[in-house]
Amino acid sequence: MRRLPRGFYRRDSRELAPLLLGKVLIVGRRRARIVEVEAYAGTEDPGSHAYRGQTKRNAVMFGPPGHLYVYFTYGMHWCANVVSSVEGVGQAVLLRGAAPIAGLEEMRAARPAARRDRDLCSGPARLCQALGIGPSEDGADLVRPAPGGPWLADDGTPPPLEPAVSTRIGLTRGAEHPWRWYIAGDPNVSR
DNA sequence: ACCGGGATGTTCT
DNA sequence: GAACATCCCGGTG
């Protein structure tokens with residue numbers, strides 16, 4: 001289990017996103033393999049929180065790469081992004097789906113509504129709930145993680161040679177760009 | 001299986 | 001006021 005170095009994140013979000021497929025997100029004893037991601041391309045991307053420039057909410061997106069941008073939406077859900085590119089450019093990759101690997105008892109306790117294990121992390125807000133990611137993880141450094149804090153690992157599993165591609169989910173503006181990547185056929189991909 | 005609606009509060013117009 | 005990078009539940013087939 002090798003921690004991903006800062007340089008790994010220092011690329012365009014549309015290049016980084018498919019490279020995150022197969023990587024392992026770790027929070028405490030809970031581990032899940034990323035199977036679905038979306039790229040958000042910064043101030044030129046109408047679908048991105050960064051489109052209208054830096055605000056208090058999206059400030060982490062404009063910071064250095066390799067940090068977690070966590071935001072609140074629909075009055076009740078938290079979603080997590082990996083900040084990419086370089087400082088000053090508001091790019092990030094949304095984590096939309098993951099396959100539970102370890103700490104499943106903790107995940108089930110955190111997600112009582114999940115009827116099957118494939119429902120634990122199959123969605124951006126589900127994934128955060130299962131792993132215990134919330135406002136206190138906004139800005140967390142994945143390269144030099146706090147004890148028990150979130151980090152990303154490479155366990156030798158290569159990203160898929162030809163990941164499935166589609167348009168992004170849930171957007172009205174910027175919905176035409178094919179910036180969603182996922183592992184075809186994986187049951188942990190969101191519906 | 002699929003579909004429709006409600007929850008809930010921050011952010012922006 | 002409206003929109004929102006969503007999820008859950010209860011209806012019907």
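All values derive from a computational prediction rather than experimental measurement. By convention in this document, chain letters (A, B, ...) are assigned in the order of the sequence lines, proteins followed by strands, and residues within each chain are numbered from 1.
- At the phosphate of dC8(C), OP1 or OP2 sits under 4.0 Å from a side-chain N or O atom of Arg111(A).
- dG11(C): Watson-Crick or G-U partner is dC2(B), with both key distances under 3.5 Å.
- Rounding to whole angstrom units, CG of residue Asp119(A) and P of dC7(C) are separated by 11 Å.
- Stacking between Tyr71(A) and the base of dA5(C) is absent under the criterion of ring centres within 5.5 Å and planes under 30 degrees.
- Within 4.0 Å of Arg115(A), counting heavy atoms only, lies no atom of the nucleic acid at all.
- Here the closest non-hydrogen pair linking Ala98(A) and Val35(A) is N-CG2, 3.7 Å.
- In terms of phosphate contacts, Arg173(A) brings no side-chain nitrogen or oxygen within less than 4.0 Å of OP1 or OP2 of dA5(C).
- Rounded to whole Å, atom P of dT8(B) lies 16 Å from atom CH2 of Trp78(A).
- Of the listed nucleotides (dC7(C), dA5(C), dG9(B)), dA5(C) has the atom at the smallest distance from the side chain of Leu94(A).
- Taking side-chain N and O atoms only, Arg52(A) has a distance below 4.0 Å to OP1 or OP2 of dT13(B).
- Protein atom CD of Glu38(A) is 12 Å distant from nucleotide atom C1' of dT6(C), rounded to whole Å.
- Rounding to whole angstrom units, CG of residue Leu171(A) and P of dA3(C) are separated by 15 Å.
- Atom CG in Leu127(A) sits 9.0 Å away from atom CG in Leu94(A) (nearest 0.5 Å).
- In terms of polar N and O atoms assigned as donor or acceptor, the side chain of Tyr74(A) never comes within less than 3.5 Å of the base of dA7(B) in a complementary pairing.
- Here the side chain of Met61(A) is nearest to one of dA5(C), dC8(C), dC4(C), namely dA5(C).
- Between Tyr69(A) and Ala114(A), the residue whose closest nucleotide on DNA chain C is further toward the 5' end is Tyr69(A).
- Rounded to a whole Å, the OH atom of Tyr40(A) is 12 Å from the C1' atom of dC4(C).
- The shortest distance between the side-chain N/O atoms of His49(A) and the OP1/OP2 oxygens of dA5(C) is below 4.0 Å.
- A salt bridge does not link Arg168(A) to Glu38(A): none of the charged nitrogens lies less than 4.0 Å from a carboxylate oxygen.
- Below 30°, between 30° and 60°, or above 60°: for Tyr71(A) and His49(A) the angle between ring planes is above 60°, a perpendicular geometry.
- Checking dA2(C) for Watson-Crick or G-U wobble geometry (two distances, each under 3.5 Å) identifies dT11(B) as its partner.
- Under the 4.0 Å criterion applied to side-chain N and carboxylate O atoms, Asp186(A) and Arg118(A) are not assigned as salt-bridge partners.
- Contact annotation for Gly47(A): base contact, defined as any heavy-atom pair under 4.0 Å involving a base atom.
- For Arg29(A), the CZ atom is loosely surrounded, since the number of other residues' heavy atoms within 6.0 Å does not exceed 12.
- A distance of about 16 Å separates the P atoms of dG6(B) and dA2(C), rounded to the whole Å.
- In terms of phosphate contacts, Thr73(A) brings no side-chain nitrogen or oxygen within less than 4.0 Å of OP1 or OP2 of dG9(B).
- Across all strands, Ser190(A) comes closer than 4.0 Å to no nucleic acid atom at all (heavy-atom distances).
- Rounded to whole Å, the distance from CZ on Phe72(A) to C1' on dT10(B) is 7 Å.
- Protein atom CE of Met76(A) is 8 Å distant from nucleotide atom P of dG9(B), rounded to whole Å.
- Protein atom NE2 of His177(A) is 16 Å distant from nucleotide atom P of dA5(C), rounded to whole Å.
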